[in-house]
Visitor: 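This is the structure I have questions about; it appears just below.
Just follow the structure's listing: the first ligand is 1, and inside any ligand the first atom is 1. Just the heavy atoms: all of them, side chains too, but no hydrogens, waters or symmetry mates, feed the values below.
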Amino acid sequence: MDNINIIIFGATGDLTKKKLIPALFEIFTNDEPVEIIGFARRELSDDEFKNSFSNTGGNNEKWQEFLSSIHYHKGSFEDLSAFQSLRGQLQTDNLLFYLAVDPGSYETIVKNLQQSNLNPPQSRIIIEKPFGEDKQSAIDLYQTITEVFSEEQIYIIDHYLGKETVQNILAFRFANGLFEHIWNSEAVDSIQITSSETIGTEGRGGYYDKAGAMKDMIQSHILQILAATCMEPPSSFEPRDLHIARKKLFNALRIVRDEDTIRDTVVFGQYEGYKTEEKVDPHSHTETFAALKTYIDTDRWSGVPIYLRTGKKLAVHATEVFITFKKMNHHLFPHQEGNILAFRIQPNEGISLKLFVKNPGKEMEVQDVSMDFCYRDSFTISDNSYIRLLQDAIKNDRSLFTSIDEIVASWEFVAPYLAFKENHPELVIPYPPDQWGPEGSNALVVNEDRTWLSLYPYKCDINLTI
Ligand code: BG6
């Protein structure tokens, strides 16, 4: 088969520079020949385009070889003739399109691909998130794309699915008999997922101000982590079975319609200084922080509160999942706190289990200790999940991509919160950078006799080279 030609729309953007080119270099280094064509509006020569990337992966000889497989094609997304001239230059139908562009341009690009015969059966298309901006626009967008590409050619990306540590949640649950039978409401008190970032919008104000934390993180990445944590076992790891299992989970998320319940279970925040950032509306009510409490209405999770939290410019950079087990009421240790199992998704990936052991001495008292597993002690994993996802797309494997059904269900879940925020912009509360968001988010958990959990810093955060 011919070498794959990867055409990146939005080739001068941040995603291309920071993630896609480093991932493609890694793939190229592993002997997968690729030809890359960057498509963007700017007037650039091939050399100027190549020089905008820097080698982050070592081996300079390979890097020079890699650069010779990169080309630039100038064109605006509206200009059909730019697509037709691209078609004229391509020598193969083995094509992979990557839409690393503002979601507002998806439809235009897809239609122009069709008009210029750039949708042969061998081709596939990767589309970034957010896919649509609500349920209906996601359905409409999918409809437009399926008029051009078949379902099997469409790869809707959520890069969290490419993270080893997210995939590992499924392996951990289903390969360790110890846990699977206590993975339910009989044993579990509550579940928390926090994805906190220390960075702000990093020059992406134009996109972010239209999205906000709910669309940017919760509707996609955080719900995908939740799916891995809480889904029923899929029949297999085949794409269709995984899509079904995730969709079922999303459909079981409780959809709150009543305003008072929403008000009591969601907190929005915006970090101070956000409004003065480039391309951000100075009167913006976009949330850079969101925390909420929800439930999964299945037998397995009945009554178990699920707390989700994400934000930018927070105190710590960490994505973590906590499964808190119920308090023990053993006559020997009445009111003993519950054990906590935590997955550190990133950075310094690991798993930590909080246990209680006897405090040495003559009293029979216990103290909490943690059993920690740090990935770096056993494995080397990359923090660029686009490597795995691009490799899969090259090999026509859609297991780690999302399906339209999942997306529709996830939009249904977030819609009431988004509508509530639209109606109550005054409830987007300012918060100081480098802390944990608006004070009110604590009430979500404290009122229920719980606290937000954070592993940071734990063993894997500490440099152990002695
Ligand atoms: C992107 C969001 O999808 O994910 C960003 O648009 C966010 O706002 C990023 O910063 C987080 O990804 P990661 O892999 O750095 O946790």
Visitor: Does H159 come within less than 4.0 Å of ligand 1, judged by its heavy atoms?
Guide: yes
Visitor: What atoms of ligand 1 come within less than 4.0 Å of a heavy atom belonging to H221?
Guide: 1 (C), 3 (O), 4 (O)
Visitor: Side-chain donor-acceptor contacts of residues 248-256 below 3.5 Å, not counting sequence neighbours, with atom names and distances?
Guide:
from, atom 1, to, atom 2, distance (Å)
R254, NE, D297, OD1, 3.4
R254, NE, D297, OD2, 3.0
R254, NH2, D297, OD1, 2.9

Visitor: When the ring centroid of F373 is compared with that of Y375, is the distance short of 6.0 Å?
Guide: yes
Visitor: Quick one: nearest non-hydrogen protein atom to atom 11 (C) of ligand 1, plus distance?
Guide: E197 OE2, 3.7 Å
Visitor: With a cutoff of 4.0 Å, is Q346 in contact with ligand 1, counting heavy atoms of the residue only?
Guide: yes
Visitor: Within the 4.0 Å heavy-atom shell around D216, which atoms of ligand 1 are there?
Guide: 2 (C), 5 (C), 6 (O), 8 (O)
Visitor: Do NZ/NE/NH1/NH2 and the carboxylate oxygens of D372 and K354 come within less than 4.0 Å?
Guide: no
Visitor: Which of the atoms of ligand 1 are close to K312, meaning less than 4.0 Å from one of its heavy atoms?
Guide: 5 (C), 7 (C), 8 (O), 10 (O)
Visitor: Check whether any side-chain N or O of T265 sits under 3.5 Å from a backbone N or O of T261 as a donor-acceptor pair, and report yes or no.
Guide: yes
Visitor: Who are the side-chain contact (heavy atoms from CB on, under 4.5 Å) partners of S385, not counting sequence neighbours?
Guide: H159, K163
